[in-house]
Amino acid sequence: MVLLLSLAAGYRPFLDPINISRYWFLLLIPMAFFIALAYKAVRVLDTKHLPREVLVMTTQIVLGMIALGLASYLFVQHLVPLIAPK
Amino acid sequence: MDDAPTFSPLGLLGACLLPGLGHALTGERSRGLCIGAGVLGLFFTGLLVGGIDTIDSKEDRIWFIGQALVGPLPFGIDHIHQTQFKVIDPTTKQLRSAYPNEGRDPVTHLAVAGGTPPNTKSISKMNELGTLFSTVAGMINFIVILDAGFPSRRPKGKA
């Protein structure tokens, strides 16, 4: 939908940056998926196990990044104010 | 030493030419296809997100070093970017991206006021993410090249 609206606004795919600045964090999902696909394709012994391995690794990356973001938020917003001099 | 790595020149050469080709040439066709889909998926998603401006050996040299690990593809795209999309600044005579209110003279390649820029320079998060996608593609492909060139390095018994 965003792509269709962008195309209507004169967006040229692969030449202009896509206008999804508000939803930039959702790009974590395709990035995690493609990394998992390429990496697991190298690592698995039998490619029939690949779909499950890719799904597991994609989920691990996404959940890991959410956990890191949450930890950073708690550190900056709650822990630092406690230890910083008033 | 049963675990000593074997060397596959054909696999190494193929992997350097196109992601996944090294594995495909050495008989692992489905593995090569999946590798190609993963690495090229990352690379072209980066290009889609940030535009052609994310592949720039002149303005983003450090990032281009990572992108170059994808193979000849980023070199070709960078060449097209430098020669077909950048404009020559009338004052400094240096190549640069066209400003939003500039066009490109098809003969002299000079920046001219008015018209549509050949491409839009990406900034902010879209530029960062597009560049990151294509650079990560290069870094993953480095692992792929090593695996294609030295196939016995794949761990046995654990995926």
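For clarity, every value in this text was computed on a predicted model and none was experimentally measured. Labels below follow one simple rule: chain letters A, B, ... track the order of the sequence lines, proteins then strands, and each chain is numbered from 1.
For chain B, the nearby parts of A:Ser21 are the backbone and the side chain; heavy atoms of each come within less than 4.5 Å. In this structure, the portions of B:Leu132 lying under 4.5 Å from any heavy atom of chain A include both its backbone and its side chain. Both the backbone and the side chain of B:Leu47 come within contact range of chain A, judged by heavy atoms closer than 4.5 Å. Heavy atoms of B:Thr116 lying under 4.5 Å from chain A belong exclusively to its side chain. Contact of B:Val39 with chain A is made through backbone and side chain together, with heavy-atom distances under 4.5 Å. For B:Pro118, the part sitting under 4.5 Å from any heavy atom of chain A is the backbone (N, CA, C, O) and nothing else. For chain B, the nearby parts of A:Ile35 are the backbone and the side chain; heavy atoms of each come within less than 4.5 Å.
Within a 6.0 Å sphere centred on CE of B:Met139, heavy atoms belonging to other residues, nucleotides or ligands number 12 at most.
Aromatic ring pairs are classed by plane angle as parallel below 30°, tilted from 30° to 60° and perpendicular above 60°; the pair B:Phe150 and B:Phe7 is tilted.
Considering only heavy-atom pairs separated by less than 4.5 Å from chain A, the leading option among B:Asn141, B:Val49, B:Val136 is B:Val49. By number of non-hydrogen pairs under 4.5 angstrom with chain A, the leading residue of B:Asn127, B:Leu129, B:Ile123 is B:Leu129.
A distance-only check finds no donor-acceptor pair linking the side chain of B:Thr120 to the backbone of A:Asp16 [under 3.5 Å]. The main-chain N or O of A:Arg43 is never found under 3.5 Å from a side-chain atom of B:Arg31 such that the two would form a donor-acceptor pair.
Test B:His109, B:His81, B:Gln94, B:Glu59 against B:Lys86 for side-chain hydrogen bond (donor to acceptor under 3.5 Å, both in side chains) and you get one pass: B:Glu59.
B:Arg96 has its side chain within reach of B:Val87: a pair of non-hydrogen atoms, C-beta onward, lies under 4.5 Å apart. Between B:His23 and B:Val144 the shortest side-chain heavy-atom distance falls below 4.5 Å.
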